[in-house]
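What follows is a short report on a single structure.
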Amino acid sequence: MSIGYKSFHESSVKDPKGFWTEQAKLVDWHKPFEQVLDYSKPPFAKWFIGGQTNLCHNAVDRHLKDRAKQTALVAVSTETEQERAYTFEELHTEVNRMAAILQAHGVRKGDRVLIYMPMIAEACFAMLACARIGAIHSVVFGGFASHSLASRIDDAKPKMIITAEAGMRGGKAVPYKPLLDEAITLASSKPEKVLIVNRGLSEYSTVANRDIDYASEREKHLNTKVPVEWVDATHPSYILYTSGTTGKPKGVQRDTGGYAVALASSMRLIFGGNPGETMFTTSDIGWVVGHSYIIYGPLINGMATIMYEGTPLRPDAGIWWSLVEKYKVSVMFSAPTAVRVLKKQDPAFLSKYNLSTLRTLFLAGEPLDEPTASWIHDALKKPVVDNYWQTETGWPILAIQRGVEVMPHKFGSPGVPVYGYNMKLLDEATGAELGPDQKGVVAIEGPLPPGCMQTVWGDDQRFVKTYWETVPGKTVYSTFDWAIKDKDGYFFILGRTDDVINVAGHRLGTREIEESISSHANVAEVAVVGVEDQLKGQVAIGFVIAKDPAKVANMEAEVMKTVDSQLGAVARPARVYLVSALPKTRSGKIVRRALQAVAEGRDPGDISTMEDQSVLAQIKQVIGK
Ligand code: AMP
């Protein structure tokens with residue numbers, strides 16, 4: 001039954017307390033909350049004050065009564081050709097074992113545990129085990145290398161790090177343990193213990209008194225039961241680092257109660273998943289989509305979830321659809337980039353399997369272009385739902401909320417504001433609210449709804465300054481995205497207002513990449529910009545001025561290697577051009593927008609503030625545009 005979007009959204013922003021009290025019934029509370037919202041210190045919103053709950057209990061234990069024998073987790077690796085399904089009961093047992101290992105090695109409520117792991121079942125056990133004992137996990141994407149890891153270790157100061165010796169990609173082992181060892185050497189904060197899941201994929205060395213082996217630890221705790229630690233709703237559940245405009249990644253801190261409620265409600269009202277069904281989200285646990293819609297969302301909703309290690313093309317382009325058929329997937333969540341990869345393959349792979357259980361495909365993380373949306377829609381003949389959100393919010397901000405009302409889709413738009421979000425489109429210069437078809441910054445009026453970031457880990461000031469003080473004359477949360485809104489209230493996202501770029505749905509800070517490139521001995525100056533790419537949406541392109549122009553023979557490859565080893569291949573620029581000058585304003589600021597325009601073959605627009613206007617012509621020549 002359709003609730004009616006307009007009135008539903010209106011009630012959520014006009015009466016947030018009443019609205020969220022109702023949604024909070026979707027999760028189990030050990031102790032009921034006394035106050036729905038404390039917004040006495042804006043912009044810090046605290047939800048469900050006085051309430052006590054636990055994410056692991058809501059994701060696992062509470063389903064044991066009705067769904068013990070039902071599948072909870074399917075871990076599929078087309079890399080190691082392993083596939084294993086765990087019922088809720090089995091998942092419960094494994095999570096207890098993992099929690100027992102954590103406790104045996106001194107991890108307690110509030111301690112941080114960094115998880116640097118491939119997409120294997122043990123990573124899910126680790127996240128849930130942390131939640132179970134009230135430890136705060138911080139998952140770092142496996143594609144990040146030692147410097148990225150080290151900066152996160154220094155910020156989160158984990159007591160323990162959980163890793164595997166290797167992942168696998170495209171048939172090749174990707175070592176994790178040596179990168180982690182290097183990161184720990186680089187970091188000033190040292191973990192007491194490193195727990196290693198040995199998959200038998202690659203050799204590794206161990207450090208005495210620090211490194212422990214998961215398999216033998218697990219043997220010791222086969223029957224140990226670890227009671228759930230009931231935590232306050234506001235207790236931090238995890239920290240997830242994300243890139244911004246500075247070189248230092250921000251630790252997005254999430255609470256427990258608000259997150260559980262937001263996910264439980266979004267699973268029903270946005271994703272339309274029913275308990276007992278299967279959800280397949282093709283992201284990675286290192287990203288926010290993985291946290292919310294591989295691990296916590298589906299499990300809280302009593303659904304089975306699929307963790308997939310591998311590419312969408314191995315053994316062939318039908319692999320994902322074969323999993324949809326085999327596990328009767330009803331809700332699928334992926335990214336436009338993945339669809340663009342599949343679009344290059346034979347469309348017969350999509351008609352080969354029985355996809356009758358699949359109701360909806362959700363896509364997020366980057367703009368969904370019309371050809372990609374139409375192609376997948378025509379191939380699947382199922383609704384394709386674009387949704388827009390950020391690491392900071394933890395769940396969608398804009399979407400067609402089919403569980404509220406099945407509104408029409410408009411190509412190029414992720415839809416309308418999701419319930420709970422009081423969205424504004426504001427003029428960047430004046431802060432004035434804009435009318436239909438005017439371009440502005442997407443902002444959210446406080447309080448942010450449940451599930452959104454509480455603060456920047458360890459740095460309340462940075463939270464306020466970064467997100468809430470950028471629009472003149474107003475204290476509003478800035479998404480740092482441009483958009484226009486049409487007369488029907490649909491938003492069209494037009495790209496970032498800052499120097500953050502989006503490569504294949506992954507957010508990367510150009511400053512971080514620049515800092516890494518600068519560490520190369522022959523780099524005098526560097527600028528990195530995001531440039532449009534047919535497949536990945538955007539790619540990073542570097543422009544480098546060499547200190548010694550006589551020593552540049554292998555410079556591009558060397559610079560790429562530097563980025564690979566420090567940040568990881570995920571941040572590697574697609575091209576690095578050697579130039580003799582960079583476009584700058586008279587005050588010496590690099591004009592990245594002009595560089596981007598030139599690299600995309602566009603007119604750079606007004607360049608009158610530029611110190612030396614001939615620089616762009618030289619750059620055009622270097623890149624051959
Ligand atoms: P992340 O925090 O890494 O998920 O990146 C969030 C950013 O990705 C947003 O601020 C947008 O710039 C972009 N983004 C996410 N979803 C969409 C979407 N559906 N359409 C357009 N851009 C999106």
Side-chain angles (χ1 to χ4, degrees), residues 105 112-120 122-123 126 137-170 172-214 239-243 247-249 251 284-287 309 506 508-509 511-523 540 542 554 557-573:
H105 290 280
R112 274 78 60 211
V113 174
L114 191 136
I115 298 175
Y116 181 58
M117 293 178 92
M119 288 287 285
I120 54 176
E122 289 80 0
H137 63 65
S138 184
V139 183
V140 177
F141 176 59
F144 284 125
S146 54
H147 284 237
S148 306
L149 254 172
S151 66
R152 286 154 175 82
I153 292 172
D154 275 336
D155 197 71
K157 300 186 176 46
K159 189 155 203 172
M160 181 190 269
I161 298 183
I162 310 181
T163 191
E165 98 288 10
M168 241 180 138
R169 185 106 185 135
K172 277 199 222 109
V174 184
Y176 277 48
K177 178 65 169 48
L179 295 188
L180 177 60
D181 286 340
E182 199 184 321
I184 296 174
T185 309
L186 287 170
S188 342
S189 167
K190 311 284 179 196
E192 286 171 22
K193 297 286 170 196
V194 173
L195 180 66
I196 306 143
V197 177
N198 183 0
R199 309 175 71 196
L201 299 176
S202 92
E203 296 289 317
Y204 62 97
S205 56
T206 53
V207 175
N209 301 323
R210 188 198 75 183
D211 292 0
I212 42 183
D213 176 59
Y214 171 70
I239 308 164
L240 182 58
Y241 287 89
T242 188
S243 302
K248 190 174 182 277
D284 187 285
I285 49 155
W287 308 115
E309 180 186 49
H506 303 320
L508 296 173
R511 291 286 197 283
E512 272 171 89
I513 307 176
E514 286 172 1
E515 278 181 19
S516 172
I517 294 178
S518 296
S519 71
H520 183 285
N522 197 24
V523 170
N554 286 318
E558 282 174 25
V559 165
M560 287 185 181
K561 228 167 113 188
T562 305
V563 176
D564 274 8
S565 70
Q566 295 186 356
L567 303 181
V570 65
R572 182 199 305 154

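As the structure is a computational prediction, the values presented were derived from the model and not from experiment. One is the number of the first residue; the rest follow in order along the sequence.
Rounded to the nearest 0.5 Å, atoms CZ (F144) and CG (L149) are 9.0 Å apart. Residue K172 holds its NZ atom at 14.0 Å from OG of S202, rounded to the nearest 0.5 Å. Taking OH of Y241 as the reference point, atom CG of L114 lies at 8.0 Å (rounded to 0.5 Å). With rounding to the nearest 0.5 Å, the separation of CD1 in I120 from CD1 in I285 is 8.5 Å. Atom-to-atom distance recorded for Y116:OH and I161:CD1 is 10.5 Å, nearest 0.5 angstrom. Annotation: the span from K159 atom NZ to S189 atom OG amounts to 12.0 Å, rounded to 0.5 Å.
Between the side chain of S516 and the backbone N or O of E512 there is no donor-acceptor pair closer than 3.5 Å. Side-chain N or O atoms of E165 include one that pairs as donor or acceptor with a backbone N or O of R199 at under 3.5 Å.
The residues R210 and D181 are annotated as salt-bridged, a charged nitrogen and a carboxylate oxygen being separated by less than 4.0 angstrom.
Across every non-hydrogen atom of A166 and P118, the tightest pair is O-CG, 3.7 Å. Annotation for K177 and T206: closest pair NZ-CA, 4.2 Å, computed over non-hydrogen atoms. When every heavy atom of A123 is checked against every heavy atom of M117, the shortest pair comes out as CA-SD, 3.6 Å.
Remark: K190 NZ is packed, more than 12 non-hydrogen atoms of other residues, nucleotides or ligands lying under 6.0 Å away.
L567 pairs in a side-chain contact (heavy atoms from CB on, under 4.5 Å) with only one of the listed residues (T562, I517, I513), which is I513.
Using bins of under 30°, 30° to 60° and over 60° for the plane-to-plane angle, the ring pair W287/H506 lands in the parallel bin.
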